[in-house]
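One structure is given here, and the rest of the page talks about it.
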Amino acid sequence: MARYLFPWGLFRKPLYIQARFSYLRMKYLFFSWLAVFVGSWIVYVEYSSYTELCRGHDCKNSICDKYRKGIIDGSACSSLCEKDTLYLGKCFTAKPNSQVYSGSWGDLEGVIKCQMEEAPHYDLGSEMEPRKEAAAFNKPTKGTSVEKFREMILNHLKAKVGDQANLADLATQVLSITDANKDGHISLPEARSTWALLQLNEFLLALVLQDREHTPKLLGFCGDLYVMEKVPYSPLYGISLPWIIEVWIPAGLRRSMDQWFTPSWPHKAKISIGLLELVEDVFHGTFGSFLMCDVSATSFGYNDRHDLKVMDARYIVPEAVFQEGIRQQRCDVDEDCLYGADCLTSCDLTKHRCTPEVTRPNLAKACEALKDYILRGAPSDVREELEKQLYACIALKGSAEQMEIEHSLILNNLKTLLWKKISHTKDS
């Protein structure tokens with residue numbers, strides 16, 4: 001009788017509750033496995049991308065193998081290959097054929113750059129640098145005298161920047177760098193390393209602007225691997241977000257977010273002046289004109305004194321080289337005549353070839369990159385005039401030579417406006 005005192009059926013879960021719990025467990029298991037699958041896929045993609053892009057170990061092995069065989073030499077070779085005092089740190093590589101790593105060299109912090117593969121001659125989809133000879137380190141040949149090597153350098157520089165009056169001075173600077181151990185003699189391995197480096201736009205620009213503050217200093221080299229001074233703050237502005245978040249953010253909000261973590265306005269004004277001065281330096285500079293074909297925030301940074309520094313000069317190319325290369329490009333529309341992100345010419349439909357003159361000067365591209373950056377937080381007494389000058393600058397068309405007076409006027413007006421506002425402060 002006791003077993004009938006309690007209605008055991010009341011303690012038994014109804015069937016629909018059991019079914020609901022089963023459904024919830026299945027749902028939980030499904031989403032758990034889905035999360036594991038998606039997470040594993042993301043890790044695999046990121047790892048595959050990293051291993052494909054970041055090949056610093058292969059680069060070091062290739063360079064050191066050539067050094068040990070006596071093919072190349074340079075100021076960084078012994079530290080990299082024998083003493084192990086030059087370390088490759090974090091990978092920042094964006095393209096497999098141009099390896100970029102943070103690095104430390106004794107007490108120095110730097111950026112290590114190494115060339116991994118040949119780049120097609122004048123291929124507008126890659127760097128406008130003929131590197132077929134450089135990768136083999138077969139020039140100059142054995143028996144080449146220093147005078148003959150100097151003549152090779154002069155001819156190469158003339159082909160790159162045009163027939164400038166003071167190319168002999170630049171050639172002398174190149175020879176000084178070539179003597180890496182400073183023993184007063186240039187060895188064949190040293191000469192081969194320098195010749196390989198001369199094929200690179202970034203190295204050439206560092207030479208041309210070495211007396212200016214806008215390019216990081218060259219700390220050393222070994223073959224076509226070279227070490228540049230580290231730039232503490234980069235990119236110029238912008239924040240990096242995971243791609244899975246990036247796709248959900250509207251473009252307008254994304255542009256606003258890029259300006260969240262920037263210096264105070266006086267510091268931004270000084271950095272902006274630095275970019276304007278760089279434009280001035282590469283336009284009809286001491287050693288010819290250069291075109292800035294990627295004027296984006298990622299190409300620039302700044303130091304503790306808020307001096308602008310070029311982070312990536314691969315797309316700052318000699319105008320003569322650009323014009324020679326772009327003429328060979330077949331086209332059907334103007335968009336076929338684009339090099340980098342910003343150097344666009346027009347398509348001659350009668351010949352289906354690109355014309356050599358860019359549609360926008362360097363200054364217009366620089367002003368466009370600076371617009372949101374410098375207007376955000378601008379003092380009210382200069383904002384209206386600053387905005388007016390920036391839009392006039394962005395509207396510039398044609399090459400700088402075609403509108404040299406207007407180009408110079410706008411450039412000077414912008415620099416004067418910014419300097420006047422910060423010249424009485426410690427930020428200047």
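Atoms considered below: every heavy atom in the structure, side chains included; atoms not considered: hydrogens, waters and symmetry mates.
Contact annotation: the side chain of Y226 approaches that of L197 to within less than 4.5 Å [non-hydrogen atoms, C-beta and beyond]. Side-chain contact between V208 and D281 is absent, with no heavy-atom pair separated by less than 4.5 Å. You'll find the side chain of T172 reaches within 4.5 Å of the side chain of R150, heavy atoms only. L414 has its side chain within reach of C393: a pair of non-hydrogen atoms, C-beta onward, lies under 4.5 Å apart. Considering only heavy atoms from C-beta on, D294 stays 4.5 Å or farther from D312 through its side chain.
Looking at R327 and T355, their side chains never bring a donor and an acceptor atom within 3.5 Å of each other. H57 and N61 share a side-chain donor-acceptor pair at under 3.5 Å.
Ring-plane geometry between Y339 and F322 is classed as tilted, the angle between the planes lying from 30 to 60 degrees on a 0 to 90 degree scale.
The side chain to side chain contact (heavy atoms under 4.5 Å, CB included) test applied to C77 returns Y67, D73, C222, not counting sequence neighbours. Residues meeting the side chain to side chain contact (heavy atoms under 4.5 Å, CB included) test with D179, sequence neighbours left out: N181, D183, I186, E190. Scored by the side chain to side chain donor-acceptor pair (under 3.5 Å) test, D304 finds Y233 as partners (sequence neighbours excluded).
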Exercise for the section: Would you please test E277 and H214 for side-chain contact (heavy atoms from CB on, under 4.5 Å) and show each step? Expected result: CA-CA 9 Å; E277 288 177 343; H214 309 306; 3.6 Å; yes
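At a threshold of 4.0 Å, the pair K60-D84 counts as salt-bridged, since one of the basic side-chain nitrogens sits closer than that to a carboxylate oxygen. Between E368 and R360, at least one side-chain nitrogen of the basic residue sits less than 4.0 Å from a carboxylate oxygen of the acidic one, meeting the salt-bridge criterion. For K421 and D381, the salt-bridge test passes: some basic side-chain N is under 4.0 Å from an acidic carboxylate O. For E387 and K371, the salt-bridge test fails: no basic side-chain N is under 4.0 Å from an acidic carboxylate O. Salt bridge annotation for D65-K69: present, with a cationic side-chain nitrogen under 4.0 angstrom from a carboxylate oxygen.
In this model, C354 has its SG atom within less than 2.5 Å of the SG atom of C337. Cysteines C54 and C91 are disulfide-linked, with SG atoms closer than 2.5 angstrom. Remark: SG of C81 is found under 2.5 Å from SG of C64.
Cation-pi geometry between K268 and Y373 is met: the NZ or CZ atom falls under 6.0 Å from the ring centre, inside 45° of the normal.
Heavy-atom neighbours of K230 NZ from other residues, nucleotides or ligands within 6.0 Å: at or below the threshold of 12. Within a 6.0 Å radius of NZ in K182, other residues, nucleotides and ligands contribute more than 12 heavy atoms.
Distance CD/E357 to OG1/T345: 9.0 Å, rounded to 0.5 Å.
Screening I63, T194, L198 for a side chain to side chain contact (heavy atoms under 4.5 Å, CB included) with D224, the sole residue that qualifies is I63.
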